Amino acid sequence: MNLNKPFFYGICFASVTWAISLYLFWQLSKSASFDSLTPYSSISTQQEGLHDNSLSHGEYEKANHAKDNVLKKPNHNNYVNSEKLIKELQVVAQKPKGHDQVLTDLGMVKTLGDQKIRDEGHKIHAFNVLVSNKLSFHREIPDTRNNLCKDVVYSKDLPAASIIICFYNEHLPTLLRTIHSILDRTPSEYLEEIILIDDYSDLHDLHSNLTKYINENKEVKRRVTLLKTERREGLIRARMFGARKATGEALIFLDSHIEVNVGWIQPLLARIKENRTNVAIPVIDIINADTFTYTSSPLVRGGFNWGLHFKWENLPTGTLSKAKDFVKPIKSPTMAGGLFAMDRNYFVDLGEYDAGMDIWGGENLEISFRIWMCGGRLDIIPCSRVGHVFRHRRPYGDPDGKDTMLRNSLRVAHVWMDDYKDYFLQQRPDAKGLNYGDVTGRIALRRRLKCYDFDWYIKHVYPELALPSDNEERLKNKWAALEQDKFQPWHSRKRNYIDQYQLKLTNTSLCVQSNKDIKTKGSLLILRSCLRAKNQLWYETDKSELVLGQLLCLQSGQPSPYLYKCHEMGGNQEWKHKGENKTPVYNIAAGTCLGVDKPKIGAVIMMKLCTDPSLNMWDLVR
Ligand SMILES: *[C@@H]1O[C@H](CO)[C@@H](O)[C@H](O)[C@H]1NC(C)=O
Ligand SMILES: *[C@@H]1O[C@H](CO)[C@@H](O)[C@H](O)[C@H]1NC(C)=O
Ligand SMILES: *[C@@H]1O[C@H](CO)[C@@H](O)[C@H](O)[C@H]1NC(C)=O
């Protein structure tokens, strides 16, 4: 596969000129669009549900809700120095030349066959399979470590790791890229083995295709062991199954749609070597589910709320005040769960996982509480970076439609949280009376390990956590103890408009207009006679959003785009055109262009193949 092959290869002449202009446009706008893509614009919303097995529909709304709360918090402007340092040290990612361009090209839907692959892929995997299919297993990604990290010298004498990757119906090329990124970027002396656990996938041929691939590739075969469970076990028991087969001194659990970055493993292993009770988490960078662009994440830590949902939050004020703070481990009350490293014997001594938990959810808080309360510690390691595809949703349900997250959370609450479990039960009245199974074994474990109680955990590990019983004064102090929202997207929420125009169908006098009132979320778009009216006036932002009347964003959908609240995460709200008349208007996530079936009043705007230029060329009327 040749990644540099222009995406317009083989399509008709008219489109070639278009494509070249579009290419130039992207080249010119690249630096600007990269700046706007800083991780700050996505961290809180996209990573809210990380443990990828847990990303749910509700997360996005929740993140927005959190955003609203944050806005009400007091603003603190001390730590000017730290802000400057963060600017210097935190975002250093350089995309390889042409990176954006290549990825944008790959997403373009050129045939109905492409469209089918993409749509079915979205259904099964909740990310853009079309792009992933075309990307090399060995693609380059930007080295997102800060410069200080690059100078750290690690001991050569580090424990070797068994890497455990569990998957259920994973997209094969994406899984293979995961494996190759590990083989490519891990010094072989630190890689004992990669253990793949197929958790009883039922995707046609997945297991046999993977087996075949492993057998046909010597280097892969030497390093990778593929196992399959005998029935659907869920992430938790599948990981225990894999860990029990492992022989490395260290265990590293990874998700199945990730790419590890340069030098990712040494900082994790060095941390474990310092003390076997240290558990280490890499910084989790963002691989965009629509475009597979790789961007760095800011340094944040793991927390939770009283619904026992994991959340990312800002670091305690002053955590990053000196340059060396940017390479030091950062204490984290919880982990997202998808990716972490731990001494293997310590994992066993500490009680592995709670095997009474089903499928997914809650186990990340359970192991986090257990590590802290029973004598270990949990830190984010800034110099280790692993990119993760943040899917739009969890693509598979719980078998039998059970809410395993709720049931698992109940087990966490009853084993570890002492009286604090009442806060959870108040938050989740629906948990009342739910059968959460037998937890006596886990309570015995807690006693055997002589763990601290939950009150100790709150006071020593997570004093910033707001309690429902806190008064206003205490809440204020807790908020003040965390870095404020200056590093978060809503800090710079002012939209930057760079252009405004009507979208007129070429060779007609018909313009794109909202079907309903421009304030109506979900409104479709239709053709109407061009009129200089608010409901036809599009404002383009520096993030390539199209905002109608400065209110709602144009969002791609199947089969039609519609108006929706601007989420500032690009993808389905990111539109490209060549900036002049007779241009296609291309959506990055959909890989298709704005078009209509017929050039007549009332025709609904659709997402059409860009390669069919008859009714999808637009003039920008400024
Ligand atoms: C397995 O391989 C066959 C032949 O290459 C292909 O048609 C099929 O889609 C593959 N299945 C999966 C799940 O990768
Ligand atoms: C390892 O960490 C634990 C808990 O923080 C501490 O009690 C112990 O002394 C440490 N061991 C070593 C060898 O430093
Ligand atoms: C617009 O009209 C011109 C002149 O008739 C024609 O050459 C061109 O192909 C038309 N463009 C589109 C997109 O229909």
Side-chain angles (χ1 to χ4, degrees), residues 11-18 21 113 116-118 120-121 123-125 129-130 132-134 137 159 167-179 196 198 200-216 226 228 256-257 270-280 329 331-332 342-343 345-346 349-350 370-379 395-396 449-452 456-457 460-461 503-510 527 577-578 580-585 593-600 603 608-620:
I11 60 180
C12 69
F13 179 72
S15 308
V16 172
T17 47
W18 152 67
S21 320
K116 192 162 164 242
I117 292 174
R118 197 212 44 205
E120 285 181 0
K123 251 184 247 152
I124 303 174
H125 305 289
V129 163
L130 193 62
S132 186
N133 280 345
K134 293 179 192 168
F137 296 151
F167 63 92
Y168 170 71
N169 285 356
E170 186 54 275
H171 176 239
L172 184 54
T174 307
L175 174 61
L176 294 178
R177 193 170 310 106
T178 298
I179 294 167
L196 298 178
D198 177 353
Y200 208 61
S201 297
D202 49 15
L203 205 59
H204 191 56
D205 288 341
L206 172 60
H207 196 82
S208 57
N209 287 9
L210 177 56
T211 307
K212 185 157 172 272
Y213 184 88
I214 293 171
N215 287 334
E216 285 172 358
L226 171 62
K228 186 168 183 171
S256 51
H257 35 260
R271 181 67 185 159
I272 292 173
K273 198 190 164 188
E274 271 173 47
N275 188 325
R276 71 188 282 269
T277 67
N278 288 340
V279 178
K331 172 179 170 182
S332 187
M342 189 167 180
D343 179 273
N345 289 324
Y346 183 56
D349 295 346
L350 203 64
R370 187 151 44 88
I371 289 164
W372 278 114
M373 290 166 65
C374 309
R377 53 175 300 141
L378 184 59
D379 297 88
Y396 51 86
L449 294 173
K450 301 197 170 55
C451 307
Y452 291 108
W456 176 92
Y457 170 83
H460 290 84
V461 181
L503 283 171
K504 184 172 84 64
L505 188 64
T506 299
N507 286 353
T508 71
S509 53
L510 301 173
L527 285 182
H577 58 71
K578 58 178 179 170
E580 55 191 51
N581 284 348
K582 225 175 151 205
T583 177
V585 179
C593 288
L594 293 184
V596 287
D597 281 333
K598 286 207 179 74
K600 60 165 202 199
K608 294 282 192 186
L609 297 190
C610 305
T611 44
D612 162 26
S614 54
L615 287 169
N616 58 12
M617 291 294 177
W618 302 91
D619 295 346
L620 310 178

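Remember, it's 1-based here, ligands and their atoms both numbered in the order they're listed. We number each residue from 1, following the sequence as shown. Keep in mind that what you see is a predicted model, and the values were worked out from it rather than measured.
Of all heavy-atom pairs between Arg377 and Lys331, the closest is NH2-CB, 3.6 Å. When all heavy atoms of Asp597 and Leu615 are compared, the pair lying nearest together is O-CD1, 3.1 Å. Smallest separation of non-hydrogen atoms from Val129 and Gly121: CG2-CA, 3.5 Å.
Few gaps surround OH on Tyr213; more than 12 heavy atoms of other groups in view lie less than 6.0 Å from it.
Checked by distance only, ligand 2 and Asn275 come closer than 3.5 Å through their nitrogen or oxygen atoms. Where the criterion is an N or O separation shorter than 3.5 Å, residue side chain and backbone included, Arg377 fails it with respect to ligand 2.
Taking CG from Leu503 and CH2 from Trp618, the interatomic distance works out to 6.5 Å, rounded to the nearest 0.5 Å.
Close contacts between ligand 1 and His204 involve ligand atoms 11 (N), 12 (C), 13 (C) [criterion: under 4.0 Å to a heavy atom]. Counting the atoms of ligand 2 from 1 in the order shown, those under 4.0 Å from a heavy atom of Thr277 are 1 (C), 2 (O), 3 (C), 4 (C).
Regarding atom 5 (O) of ligand 2, its nearest protein heavy-atom neighbour is Gly375 O, 4.1 Å. For atom 8 (C) of ligand 1, the closest heavy atom belonging to the protein is Asn209 ND2, 3.7 Å. Atom 1 (C) of ligand 3 has its closest protein heavy atom at Asn507 ND2, 1.4 Å.
Counting heavy atoms from C-beta outward, Leu203 and Ile124 have side chains that approach closer than 4.5 Å.
For Arg271 and Asp343, the salt-bridge test fails: no basic side-chain N is under 4.0 Å from an acidic carboxylate O.
In this structure, atom 11 (N) of ligand 2 is in close contact with the protein, since a protein heavy atom lies within 4.0 Å of it. Distances from atom 14 (O) of ligand 1 to the protein include at least one heavy-atom value under 4.0 Å.
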